Structure formats: structure tokens, C-alpha cells
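A short write-up of the structure that comes next.
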Amino acid sequence: MLRHRRFPALALSLLAATGLLAGCSDDSGSKPEPSPAEPGKLRVLAGSELADLKPVLDRAAQATGVRVEFTFSGTIEAAETLAAGGADGAYDAVWFSANRYPQALPEAARRLGNQTKIMSSPVVLGLAKSKADALGWTGKPVTWTDIAKAAEEKKFSYGMTDPSASNSGFSALVGVASALAGTGAAVTAGQVGAVTPELKKFFAAQVLSAGSSGWLSDAYQRRATGADPGQKIDGLVNYESVLLSLNAAGTLPEPLALIYPSDGVVTADYPLTLLSGANEQARGDYQRLTDFLRTPDTQREIMTSTHRRPAIPGVDLSAGFGPKDLVELPFPATQDAFDALLSAYFDQIRHPSRTIYVLDTSGSMAGERIDALRTSLVGLTGVTNDLVGKYRRFHGREEVTFIPFNTTPQAPISFTVPETDPQAELDKIKQTAQGLSASGGTAIYDSLDQAYRLLGQGPPADRFTSIVLMTDGENTSGSEYADFERAQAARSPELRGVPVFTVLFGEGSQSEMDGLAKLTGGKVFDARGNGLQQVFREIRGYQ
């Protein structure tokens with residue numbers, strides 16, 4: 001029987017993100033089915049950062065009669081959807097910060113039709129002004145090599161999005177690799193090994209990962225203002241537009257100084273791209289919309305409201321932007337190069353993860369629910385052949401711990417995935433996941449306390465450490481939320497900064513999950529619509 005109780009205001013105050021445009025999805029992983037085609041509606045598979053175009057697109061709809069219906073997706077997920085034919089007939093166009101990854105997949109590339117660049121934004125480094133001043137980088141030329149040297153010496157820290165989940169992180173990884181390789185050409189798959197030691201220097205200063213640019217910037221702001229218990233960081237690698245938007249909001253303790261490396265950047269050019277199979281009505285709607293979006297007045301509106309650069313000549317940059325003419329770094333054009341870079345990033349270059357999965361195996365999980373949990377965890381061992389599964393698996397050097405719980409928390413089961421020949425350890429994780437069974441009550445907070453006690457025994461340095469809590473019900477056994485809140489306040493700053501990523505499943509209490517995520521600086525993921533496997537994959541971008 002469920003025990004109901006009141007939660008403090010803190011536990012109730014975190015609101016779930018909601019879509020901003022008709023038919024769009026939110027950041028929780030919930031994606032609506034695309035609607036049927038109809039005149040005056042352009043169905044667009046897009047990157048979630050484009051939600052900030054709502055006012056511009058509302059005006060475009062009034063002027064042109066064309067309404068944009070967004071469905072949001074990550075770049076790699078979208079590329080895979082295109083390549084598999086999943087977008088055929090379901091969408092009229094795609095709109096991402098860049099088409100570089102889809103163009104590297106032949107089956108995806110052949111489905112791309114007319115491309116119209118609407119705006120642009122380079123990926124750069126933003127540092128708190130006092131830190132940039134201390135490093136001597138304010139108003140002076142700085143190269144990626146300079147940045148990597150300072151990063152290796154831990155002279156600053158930064159956050160960046162997961163390159164398998166967000167184009168800003170992907171562009172940063174490729175751009176830094178190209179710059180540090182020093183060849184003047186795009187990095188090839190065969191050159192990744194040689195540039196890996198230099199990349200390790202740069203990524204030594206990364207202390208925060210995220211699955212989206214929006215969440216990353218929000219987390220930076222919360223940490224900078226003390227609203228989040230996590231470690232404060234000095235800056236972000238992100239789009240110029242995101243960094244300028246943070247400054248414009250006026251909520252940071254000090255503004256970010258934007259560092260534009262003199263040896264080059266990778267720029268997102270936001271091409272609104274008609275799909276090759278679009279019908280004549282959609283082609284006409286696309287043409288009217290893109291013509292409107294490229295008018296000087298609309299370009300100025302986009303620049304003012306989103307801090308992205310205009311795509312047409314004759315519209316001057318507003319004050320606050322960096323140099324007009326930036327060196328553009330070469331970008332690889334093959335999937336082999338992308339795969340080599342991403343594999344090296346996760347298995348060798350970046351800090352490894354340490355994740356404790358606190359897993360509800362109570363009686364209410366019996367049947368399909370425990371089967372879904374087993375399947376989701378097994379999927380993270382790399383048993384799937386799809387692109388997303390390839391990068392959202394457990395990686396080399398990673399430490400994984402399961403704490404199954406019902407009436408009481410069970411003994412932790414820990415694994416460390418080797419950098420080379422990881423299959424034997426991955427098989428052990430798979431076997432353990434397949435052996436999970438359901439019975440008993442639900443001791444959420446006793447189990448979370450056990451996870452924190454385990455981390456308090458000496459968490460390894462230089463790891464992305466987090467806790468994932470999955471439950472399908474409310475707490476029925478042991479300590480309660482108020483007890484956890486008091487225990488959390490008494491923990492060391494390091495432990496208080498370990499985020500809990502909570503998963504809504506079954507009848508799990510949204511108010512509890514929201515409260516835990518906010519209290520710990522984590523995030524809520526909703527598995528009630530799309531299932532656990534998709535959500536567990538999405539969480540990987542934050543670990």
C-alpha cells in the first residue's frame with residue numbers, strides 16, 4: 001500500500017519543461033508522433049535549441065501562411081532516422097545546427113534536398129571574466145593549443161555537451177581535434193590516435209557533461225549563483241549564441257568573456273533542409289518560409305532575439321558579437337572519422353564516469369516492468385547495432401554500480417569496464433541485469449543514502465560521478481524525504497554536488513522525482529511515454 005504524505009515546497013517547485021511550438025517535444029525525451037501532411041504546415045525534425053525561434057516563426061506564419069510543426073531530436077538520432085527511412089512521409093524538412101553528420105551517412109544524405117542557411121553561430125569558449133583576465137586571455141589572441149595547455153594544468157574548468165548527443169559538443173570535439181592536429185586539413189580516422197594525447201590535455205579541465213546546450217547553460221547559471229549544489233565551474237564550451245544569451249540575461253554574478261581561438265572555430269550554419277521526398281505543396285511552403293526568414297528585417301530579429309549571426313550579406317553584426325570574420329576549421333566528411341573521434345573521446349580521452357544505478361525491484365515492478373528494466377540495462381552493454389546504442393553504451397574505464405532495492409537496499413554490485421578488451425566485464429553487467437527480480441516494498445531514501453555512503457568511501461578523482469534513481473512508485477519503507485533532505489544538508493560539499501538523475505516510471509511520484517533532482521542538481525527523465533531504454537540512453541549524455 002502506498003504511503004502518501006506532503007512534501008516541502010522545494011520538492012514541488014521544479015516544473016517539467018514544456019514544448020514551445022505546436023507539435024514539438026520537450027527535453028524529457030517525450031517525442032510526439034508527427035502529424036499528417038496538410039497545406040500551410042511544414043513538419044520539421046529539428047534540434048531542440050531552435051525552440052527559441054518561436055516568436056520569429058509565429059510572425060512568419062502570419063506573413064506567409066506557413067506554420068512550422070517541430071519534433072525535436074538529437075543529431076545522431078535524427079541522422080539514424082533519416083538513414084533508416086523513418087522520416088520518409090513523416091516530415092517535410094529537417095533543421096539542425098549543421099548537416100555534417102547526416103551528410104556522412106550515404107542513406108541519410110540522399111534524403112536531403114534543398115538547403116537554405118538561416119543563421120550561424122560558432123562554437124567557442126566562454127569563461128567568467130575574472131578567470132579570463134587572470135589567464136591573460138582578455139583582448140589577446142589565444143589558440144586552442146594555449147587553451148589545452150592551461151586545461152592540462154587545471155588553470156580553469158569548463159562544461160561541454162556530450163558530442164554524441166548535442167552538436168555543440170560534437171563540433172567542439174572535431175574543431176579542437178582539427179586545430180591540435182595542426183595539419184590544416186580535416187582529421188582522418190587514421191590521425192585520431194596521434195592527436196589523442198593533445199586532446200586529453202584539453203579535456204582534462206572538463207568537469208560537467210550534458211545532453212543538451214540548454215541544460216548545460218542552465219546548470220552553469222545555477223552553479224554560478226549557488227542555486228545548485230554542484231561544483232562551480234569557470235566556463236562553457238558552447239555556441240556563441242548560448243553564451244551571449246547568458247550574458248544578456250543579466251543573472252550571472254559576472255559576465256562571460258568569449259574566447260575566439262585565433263586558429264579557428266567550427267560554426268553551426270543552421271540549414272533549413274527540405275527532404276528530397278517532400279511533395280509540391282511542402283516545397284512551396286518551404287520556399288515561402290525560407291524567403292521570409294532571409295529578409296533583412298527577419299535576420300535582424302533573429303540576431304536580436306537569439307544572438308545568432310545573420311546568414312545574408314548587408315546585415316551588420318550587433319554590438320557584443322565577436323569578430324565578424326573567423327577562421328573556419330576543416331570538418332571531416334566521413335563516418336569513419338566521426339566514429340574514430342567519438343570512440344576515442346569516450347574510451348580514452350575524457351574523464352571516465354562513475355555511476356550508481358539505484359534500481360527499484362519492488363513487487364510492483366513484476367512482469368513487464370522488470371523485463372523493461374533488464375532490457376534497458378542490457379542495452380547499455382553494447383548489444384545493439386544502431387548508431388545511438390553504439391555511443392550510449394558503457395565505455396572503457398567506466399565504473400558502474402547497481403543497488404537494487406525493495407523493502408531494503410541490496411548489496412552494491414560494482415563493475416569497472418577495461419579500456420581494452422571490455423567484453424568480459426560487459427557480459428558480467430549483462431548477466432547481473434538479467435538476474436534482477438521483483439518483490440517486496442519500496443525503500444527509496446534508504447537506498448539513496450546507501451549510494452551516497454558508497455561514494456563517501458573515497459570516490460575516485462577526475463570522474464563524472466552521478467546517481468540514477470529509477471522507481472515506479474512512492475516510498476513505502478524506511479526513511480522519508482525529510483530524512484533524506486536533512487542527511488543531504490549534512491553531507492560534504494563534494495557529495496552534495498553529486499547529481500541524482502531521476503526516472504519517472506509507472507506510478508512514480510513526479511513531485512518526489514522533481515524534488516530530488518532539484519535538491520541534488522540533477523534532472524528528471526520521463527519514461528512513461530517512450531519507455532526505459534530510450535530514457536536510459538538519454539541519461540548517458542549527462543554522465
Side-chain angles (χ1 to χ4, degrees), residues 122-128 131-138 140-164 166 168-210 216 220 231-238 256-266 327 329-332 337-338 340-354 395-398 419-420 460-465 543:
V123 176
V124 298
L125 171 65
L127 287 177
K131 178 60 68 172
D133 291 343
L135 289 166
W137 291 352
T138 305
K140 295 182 180 179
V142 180
T143 66
W144 284 114
T145 299
D146 296 330
I147 295 171
K149 184 175 185 299
E152 180 187 26
E153 296 170 358
K154 302 294 181 67
K155 291 184 176 180
F156 72 98
S157 61
Y158 68 89
M160 191 186 91
T161 59
D162 182 318
S164 75
S166 170
S168 63
F170 184 56
S171 296
L173 174 62
V174 171
V176 175
S178 296
L180 296 180
T183 64
V187 172
T188 65
Q191 293 170 331
V192 170
V195 78
T196 290
E198 294 302 310
L199 286 171
K200 285 183 177 180
K201 296 177 183 178
F202 175 76
F203 287 103
Q206 185 186 1
V207 297
L208 180 65
S209 180
L216 181 70
Y220 175 82
Q231 170 192 352
K232 289 187 178 181
I233 55 180
D234 298 315
L236 299 172
V237 175
N238 214 320
L256 292 165
L258 275 59
I259 311 299
Y260 298 83
S262 57
D263 45 352
V265 296
V266 170
V327 176
L329 289 166
F331 209 95
F338 295 156
L341 266 175
L342 287 168
S343 296
Y345 172 79
F346 288 115
D347 293 327
Q348 303 173 48
I349 294 170
R350 64 159 241 169
H351 295 312
S353 297
R354 186 188 193 194
H395 300 294
R397 308 168 297 145
E398 182 170 356
E419 183 175 331
T420 57
D462 293 333
R463 283 183 179 267
F464 294 114
T465 302
Q543 299 175 332

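FYI, side chains are in, hydrogens and waters are out, and symmetry mates aren't considered; it's all heavy atoms of this structure. All figures in this text were calculated on a predicted structure; none of them were measured in a lab.
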### Message
Once ring-ring contact (aromatic ring centres under 6.0 Å, His included) is applied, what residue pairs with a partner in residues 177-199 remain, sequence neighbours excluded?
### Response
none

#### Entry: Partners passing side-chain contact (heavy atoms from CB on, under 4.5 Å) against Pro352 (at least two apart in sequence or in another chain)
Arg397, Arg463

### Summary
Residues Ala132 and Thr138: closest non-hydrogen pair is C-OG1, 3.5 Å

### Message
Here's a test for you: under side chain to side chain contact (heavy atoms under 4.5 Å, CB included), which of Val124, Val142, Asp146, Val237 qualifies with Ile259?
### Response
Val142

### Query
Tell me the ring-ring contact (aromatic ring centres under 6.0 Å, His included) pairs involving residues 173-195, sequence neighbours left out?
none

### Query
Do the side chain of Glu152 and the main chain of Lys154 share a donor and acceptor less than 3.5 angstrom apart?
no

#### Entry: Pairwise salt bridge (charged side-chain N to carboxylate O under 4.0 Å, His left out) hits with a residue in residues 172-199, at least two apart
Glu198-Lys201

### Message
By the salt bridge (charged side-chain N to carboxylate O under 4.0 Å, His left out) test, which pairs, at least two apart or in different chains, include something from residues 343-353?
### Response
Asp347-Arg393

### Query
Looking at Gly159 and Ile233, what are the two nearest heavy atoms and their distance?
N-CD1, 4.0 Å

## Note on the structure
Residues Leu135 and Ala150: closest non-hydrogen pair is CD2-CB, 4.5 Å

#### Entry: side-chain contact (heavy atoms from CB on, under 4.5 Å) partners of Asp263, counting only residues at least two apart
Thr143, Trp144, Ala179, Pro261

Show every donor-acceptor pair shorter than 3.5 Å between a side-chain atom in residues 170-177 and any protein atom, with sequence neighbours excluded, or say none if there are none.
{"from": "Ser171", "atom 1": "OG", "to": "Asn167", "atom 2": "O", "distance (Å)": "2.9"}
{"from": "Ser171", "atom 1": "OG", "to": "Asn167", "atom 2": "ND2", "distance (Å)": "3.2"}

### Query
What are the two closest non-hydrogen atoms of Phe464 and Leu208, and how far apart are they?
CE2-N, 3.5 Å

### Query
At what distance, to the nearest 0.5 angstrom, does NE2 of His351 lie from CG of Asp462?
4.5 Å

### Message
Please find the pair of heavy atoms, one from Phe156 and one from Leu127, that lie closest to each other, and give the distance.
### Response
CD1-CD2, 3.7 Å

#### Entry: Value rounded to 0.5 Å, distance of CG in Leu216 from CG in Leu236
5.0 Å

### Message
Side chains of Asp162 and Ser209 only: does a donor on one sit below 3.5 Å from an acceptor on the other?
### Response
no

## Note on the structure
Sorted by chain and number, sequence neighbours left out, ring-ring contact (aromatic ring centres under 6.0 Å, His included) with Phe346 holds for His395

### Query
Ring centroid separation for Tyr158 and Tyr220, is it under 6.0 angstrom?
no

### Task
Taking the side chain as every heavy atom from C-beta outward, state whether Phe338 and Pro332 have any pair of such atoms under 4.5 Å apart.
yes

### Message
Please enumerate all residues that pass ring-ring contact (aromatic ring centres under 6.0 Å, His included) together with Tyr345, with sequence neighbours excluded.
### Response
Phe203

### Task
Please name all residues satisfying side-chain hydrogen bond (donor to acceptor under 3.5 Å, both in side chains) with Ser262, sequence neighbours left out, ordered by chain then number.
none

### Query
With a 4.5 Å heavy-atom cut-off, do Thr145 and Leu180 have their side chains touching?
yes

### Query
Between Val187 and Ala337, what is the shortest heavy-atom contact and its length?
O-CB, 3.7 Å

#### Entry: From OG1 (Thr161) to CG (Asn238), nearest 0.5 Å
6.5 Å

#### Entry: Set of side-chain hydrogen bond (donor to acceptor under 3.5 Å, both in side chains) partners for Lys149, sequence neighbours left out
Glu153

### Query
Among all residues two or more places apart in sequence or in another chain, which pass the side-chain hydrogen bond (donor to acceptor under 3.5 Å, both in side chains) test with Ser343?
none

### Task
With the side chain counted from C-beta on, respond yes when Leu199 and Leu341 share a heavy-atom pair under 4.5 Å apart, and no when they do not.
yes

